[in-house]
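One structure is given below, encoded as structure tokens.
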Amino acid sequence: MNFTCIIRRYVIAGVDWLCDGANSVVADFLELKPKKLHSSCGARGFTYFPNVHGFAPELVQTIRDNTMLGLALITDNLAFWFVNHQWHPQDLKAFKDPKIIKQMTLQTMKGFPKKVIDVVRPGLRGSLTFSHLHYRAPWDILLGQFRKGTVIVAGDSMHVMTPSIGQGGLAGIEDAVVLARCMARKFQANNDHKIFKGHKIIEEAMDEYVSERRMRLVKLSTQSLLVGSLLDSSSLLVKLIILVLCLGTNLVMLDITVVVSENMLLQESALA
């Protein structure tokens, strides 16, 4: 969904926000570098609980072999979940067939904790999506030019990332808050809320927004990429190195419990 806001004949912003931002026409207009294909794909869905589910309000991730299962509680009755695994050519047949998505997801979850599967299973009867995951590289976010004139991007258009750390949607909401705050600051400093004296203060506000968001988004996208890379290797040593690097970013991961056995690396992460 593309939004263009026009105030007194001045175009303030064209924003693809949270609505298929991975295919943003605004990002194309700004000539941002193309998003990259990740090595994994995933099914995503929601589970509704008629009664209160009773889980703690945190994101729980479980990684077994080359599959990641994530669960995020949205309300007392609603949970979002995703099941990611390494991409294989045969996964193409799952894109538009809910039955195949359901079968593949159940097959992929074999061996995971029953309490997590019991949360995901009811959601397989509802609306499902399946996709080959995309991301905007951290270095492209670091160096990207996100404004052209009074056109700017926010949300996935700016920083599409894998759901590995469950922060993509939240980062988009942060974008909206920061952009609005930067605009309000500039308009208030201009001491005239009714008449805009030109594009200059709008562009300055947008530049402040990009400057304020850039390093936060670089860190989030880096951690998302690192956690997603846990699916790329069967080496326990490589996975442990990645976990150490994730901890080193000191961003959103508050607690990690790692259980290592001969064929499994199990990670349960509580994310802020």
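Note that this is a predicted model, so its numbers are computed, not measured.
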Determine all donor-acceptor pairs shorter than 3.5 Å in which one atom belongs to a side chain in residues 141-149; sequence neighbours excluded.
| unit_1 | atom_1 | unit_2 | atom_2 | d |
| --- | --- | --- | --- | --- |
| Arg147 | NE | Asp207 | OD1 | 2.6 |
| Arg147 | NH1 | Gly149 | O | 2.7 |
| Arg147 | NH2 | Asp207 | OD1 | 3.4 |
| Arg147 | NH2 | Asp207 | OD2 | 3.3 |
| Lys148 | NZ | Phe29 | O | 3.0 |

In terms of hydrophobic clustering (I, L, V, M, F, W, Y; side-chain heavy atoms under 4.5 Å; direct or indirect links), are [X] and [Y] co-clustered?
X: Val26; Y: Leu32; value: yes
X: Val210; Y: Val218; value: yes
X: Leu217; Y: Tyr135; value: no
X: Met215; Y: Met158; value: yes
X: Leu133; Y: Leu226; value: no

Do you know the tightest heavy-atom contact between [X] and [Y]?
X: Phe112; Y: Ile117; result: O-CD1, 3.5 Å
X: Ala79; Y: Phe49; result: CB-CE1, 3.8 Å
X: Cys182; Y: Ala205; result: CB-O, 3.5 Å
X: Asn77; Y: Pro50; result: ND2-O, 3.6 Å
X: Phe130; Y: Cys41; result: CZ-SG, 3.5 Å
X: Asp175; Y: Gly155; result: OD2-N, 2.8 Å

**Item:** With sequence neighbours excluded, residues passing salt bridge (charged side-chain N to carboxylate O under 4.0 Å, His left out) with Glu212
**Value:**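 Checked Glu212 against salt bridge (charged side-chain N to carboxylate O under 4.0 Å, His left out); matches are Arg181, Arg185.
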
**Prompt:** Can you find a heavy atom in the side chain of Leu225 that is under 4.5 Å from one in the side chain of Thr162?
**Reply:**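 No - every pair of side-chain heavy atoms lies 4.5 Å or more apart.
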
**Side chains of Lys186 and Glu208 in contact at under 4.5 Å (non-hydrogen atoms)** =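 Of all side-chain heavy-atom pairs linking Glu208 with Lys186, at least one is under 4.5 Å.
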
**Asked** His134 side chain to His132 main-chain N or O, any donor-acceptor pair under 3.5 Å?
**Response**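 Side chain of His134 to backbone of His132, a donor-acceptor pair under 3.5 Å: yes, one is there.
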
**Asked** Are the side chain of Ser40 and the backbone of Trp87 linked by a donor-acceptor contact shorter than 3.5 Å?
**Response**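 Checking the backbone N and O of Trp87 against the side chain of Ser40, no donor-acceptor pair under 3.5 Å is found.
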
Just how far is it from atom [atom1] of [X] to atom [atom2] of [Y], taken to the nearest 0.5 Å?
X: Leu179; Y: Tyr209; atom1: CG; atom2: OH; result: 6.0 Å
X: Arg213; Y: His159; atom1: CZ; atom2: NE2; result: 6.0 Å
X: Thr47; Y: Leu73; atom1: OG1; atom2: CG; result: 10.0 Å
X: Met183; Y: Ile201; atom1: CE; atom2: CD1; result: 9.0 Å
X: Ser39; Y: Asn84; atom1: OG; atom2: CG; result: 10.0 Å
X: His38; Y: Met161; atom1: NE2; atom2: CE; result: 12.0 Å

**Prompt:** Met68 and Thr62: side chain to side chain contact (heavy atoms under 4.5 Å, CB included), yes or no, with the steps?
**Reply:** CA-CA 6 Å; Met68 175 186 293; Thr62 304; over 6 Å; no

**Item:** Distance-only side-chain donor-acceptor flag, Arg44 / Ser131, under 3.5 Å
**Value:**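 Yes, side-chain donor-acceptor contact under 3.5 Å.
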
**Request:** Run the numbers on Phe46 and Ile74 for side chain to side chain contact (heavy atoms under 4.5 Å, CB included), then give the verdict.
**Result:** CA-CA 10 Å; Phe46 293 89; Ile74 299 174; 3.5 Å; yes

Below 3.5 Å, can you tabulate the donor-acceptor pairs from side chains in residues 102-109 to any protein atom, sequence neighbours excluded?
| unit_1 | atom_1 | unit_2 | atom_2 | d |
| --- | --- | --- | --- | --- |
| Thr105 | OG1 | Ile101 | O | 2.7 |
| Gln107 | OE1 | Lys110 | NZ | 3.4 |
| Thr108 | OG1 | Met104 | O | 2.7 |

**Request:** Evaluate the criterion salt bridge (charged side-chain N to carboxylate O under 4.0 Å, His left out) for residue pair Arg136 and Asp140; output intermediate values, then yes/no.
**Result:** CA-CA 7 Å; Arg136 194 172 300 286; Asp140 289 339; 5.8 Å; no

**Prompt:** Do Val120 and Leu69 pass the side chain to side chain contact (heavy atoms under 4.5 Å, CB included) test, and can you show the C-alpha distance, the side-chain angles, and the key distance before you say yes or no?
**Reply:** CA-CA 9 Å; Val120 174; Leu69 192 156; 4.2 Å; yes

